[in-house]
Chemist: 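The structure that follows is given in the form of structure tokens.
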Amino acid sequence: MKMVVSWTILIVLMYTLQTSLLPFIGYNGVSANLMLLLTVSTAFIHGYRQGILMGLITGTLQDFTTGSFFGCTILSYMIIGLIFGKFSGPFFKDQMFFPVLSAPVAATMYFFIMAGLLFLLGYRINLTQSIQTILQPLIIYQIIFSWAVHKVVYSFYKFAERHG
């Protein structure tokens with residue numbers, strides 16, 4: 001029960017940081033996506049099941065509060081949690097390099113999944129312009145914040161091992 005409360009507090013704090021403070025350092029309305037980083041780090045450390053669960057929780061929180069198409073973020077985060085969770089293992093759990101390296105990959109996957117879903121919903125987007133104005137700044141922000149987010153998730157993992 002203590003870990004559920006701790007994870008809930010972590011998710012709420014990360015989301016609060018993402019929605020209240022990070023927009024001030026954003027570029028053209030794009031800032032770091034801490035919920036995506038939280039999903040990827042959880043998937044790396046705990047495996048694909050926990051990655052899917054974290055994607056469900058963080059995607060639901062984001063979908064409820066953004067007011068856009070409900071379920072698109074949930075689906076994309078769950079897919080990303082599944083894919084990165086498949087790379088979970090003893091080798092990847094203790095590495096700090098792989099989450100930083102995976103941050104631009106996850107951001108790119110998220111961008112293209114969302115673009116594909118919007119296309120399926122009948123919206124037309126200028127892909128070249130969207131890559132330049134949305135994806136490129138997102139990748140930079142994800143690289144900058146990925147190490148810190150993974151360090152926090154890894155600390156929670158170690159805490160749970162000692163007290164679980």
Chemist: Go through it in stages, so that I can follow the logic: the residues are Tyr15 and Leu34, the test is side chain to side chain contact (heavy atoms under 4.5 Å, CB included), and I'd like the CA-CA distance, side-chain angles, deciding distance and then a yes or no.
Modeler: CA-CA 7 Å; Tyr15 190 72; Leu34 299 181; over 6 Å; no
Chemist: Would you call the rings of His46 and Tyr157 parallel, tilted or perpendicular, where under 30° means parallel and over 60° means perpendicular?
Modeler: perpendicular
Chemist: List in chain and number order the residues that pass side chain to side chain donor-acceptor pair (under 3.5 Å) with Thr73, two or more places apart in sequence or in another chain; answer none if no residue qualifies.
Modeler: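 Applying side chain to side chain donor-acceptor pair (under 3.5 Å) to Thr73 gives Asp63.
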Chemist: Going only through I, L, V, M, F, W and Y residues with side-chain contacts under 4.5 Å, is there a path from Leu10 to Leu21?
Modeler: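 The answer is yes; both residues are in one hydrophobic cluster.
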Chemist: Okay, side chain of Ser41, backbone of Leu38: is any donor-acceptor separation there less than 3.5 Å?
Modeler: no
Chemist: According to side chain to side chain donor-acceptor pair (under 3.5 Å), who are the partners of Thr66, at least two apart in sequence or on a separate chain?
Modeler: Ser68
Chemist: For residues 105-135, which residue pairs qualify under ring pair (Phe, Tyr, Trp, His ring centres under 6.0 Å), counting only residues two or more places apart or in two chains?
Modeler: Phe69-Tyr123, Tyr77-Tyr110
Chemist: If you group Ile, Leu, Val, Met, Phe, Trp and Tyr by side-chain heavy-atom gaps below 4.5 Å, do Phe64 and Val12 land in one group?
Modeler: no
Chemist: Can you tell me if CH2 on Trp7 sees more than 12 non-hydrogen neighbours from other groups inside 6.0 Å?
Modeler: yes
Chemist: May I ask you to decide if Thr42's main-chain N or O and Gln50's side chain share a donor-acceptor pair within less than 3.5 Å?
Modeler: no
Chemist: Are Leu118 and Ile113 connected in the hydrophobic side-chain network, where two residues link if heavy atoms are under 4.5 Å apart?
Modeler: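 No; Ile113 is not reachable from Leu118 via cluster members.
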Chemist: Could you tell me which non-hydrogen atom of Pro137 sits nearest to which non-hydrogen atom of Gln132, and how far apart they are?
Modeler: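 Closest approach of Pro137 to Gln132: CD-O, 3.6 Å.
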Chemist: For Ser31 and Gly26, work out which heavy atoms get closest and say how close.
Modeler: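 Residues Ser31 and Gly26, closest heavy atoms: CB-CA, 4.1 Å.
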Chemist: Just checking Tyr141 against Tyr27, ring centres under 6.0 Å apart?
Modeler: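 So the answer is no for these two rings.
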Chemist: Please report the interatomic distance CG(Leu135) to OG1(Thr108), rounded to the nearest 0.5 Å.
Modeler: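 Reported to 0.5 Å precision, the distance equals 4.5 Å.
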Chemist: Run His150 and Val100 through side chain to side chain contact (heavy atoms under 4.5 Å, CB included) and show every step you take.
Modeler: CA-CA 8 Å; His150 185 70; Val100 173; over 6 Å; no
Chemist: Nearest heavy-atom pair of Leu101 and Val105: which atoms, and what distance?
Modeler: O-CG2, 3.9 Å
Chemist: Is the side chain of Gln142 donor-acceptor paired with the backbone N or O of Ala106 at a distance under 3.5 Å, no angle test?
Modeler: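 Looks like no, no N/O pair under 3.5 Å.
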Chemist: What distance separates Ile52 CD1 from Met78 CE, expressed to the nearest 0.5 Å?
Modeler: 6.0 Å
Chemist: Look up atom CD1 in Ile80 and atom CG in Leu37, then write down how far apart they are to the nearest 0.5 Å.
Modeler: 10.5 Å
Chemist: Identify whether Leu120 and Met109 are in the same connected component of the hydrophobic contact network (ILVMFWY, side-chain heavy atoms under 4.5 Å).
Modeler: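 Result: no, two separate clusters.
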Chemist: Could you grab the distance from atom OG1 of Thr133 to atom CG of Leu138, nearest 0.5 Å is fine?
Modeler: 11.0 Å
Chemist: Please assess Thr58 against Met14 for the test side chain to side chain contact (heavy atoms under 4.5 Å, CB included), listing each intermediate value before the final yes or no.
Modeler: CA-CA 10 Å; Thr58 57; Met14 289 282 196; over 6 Å; no
Chemist: Give, for atom CZ of Phe84 and atom CG of Leu82, the distance between the pair rounded to the nearest 0.5 Å.
Modeler: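 Here the interatomic distance stands at 11.0 Å.
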Chemist: Please report the shortest heavy-atom distance between Thr39 and Gly81, naming the atom on each side.
Modeler: CG2-CA, 4.0 Å
Chemist: When you look at Gln18 and Gln62, which way does the side chain to side chain contact (heavy atoms under 4.5 Å, CB included) test go after all the steps?
Modeler: CA-CA 10 Å; Gln18 175 179 321; Gln62 202 157 344; 3.6 Å; yes
Chemist: For the hydrophobic clusters of this structure (ILVMFWY residues joined by side-chain heavy atoms under 4.5 Å, transitively), does one cluster hold both Leu121 and Leu127?
Modeler: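 Cluster IDs for Leu121 and Leu127 differ.
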Chemist: Roughly how far, to the nearest 0.5 Å, is the OG1 atom of Thr128 from the CG atom of Asn126?
Modeler: 5.5 Å
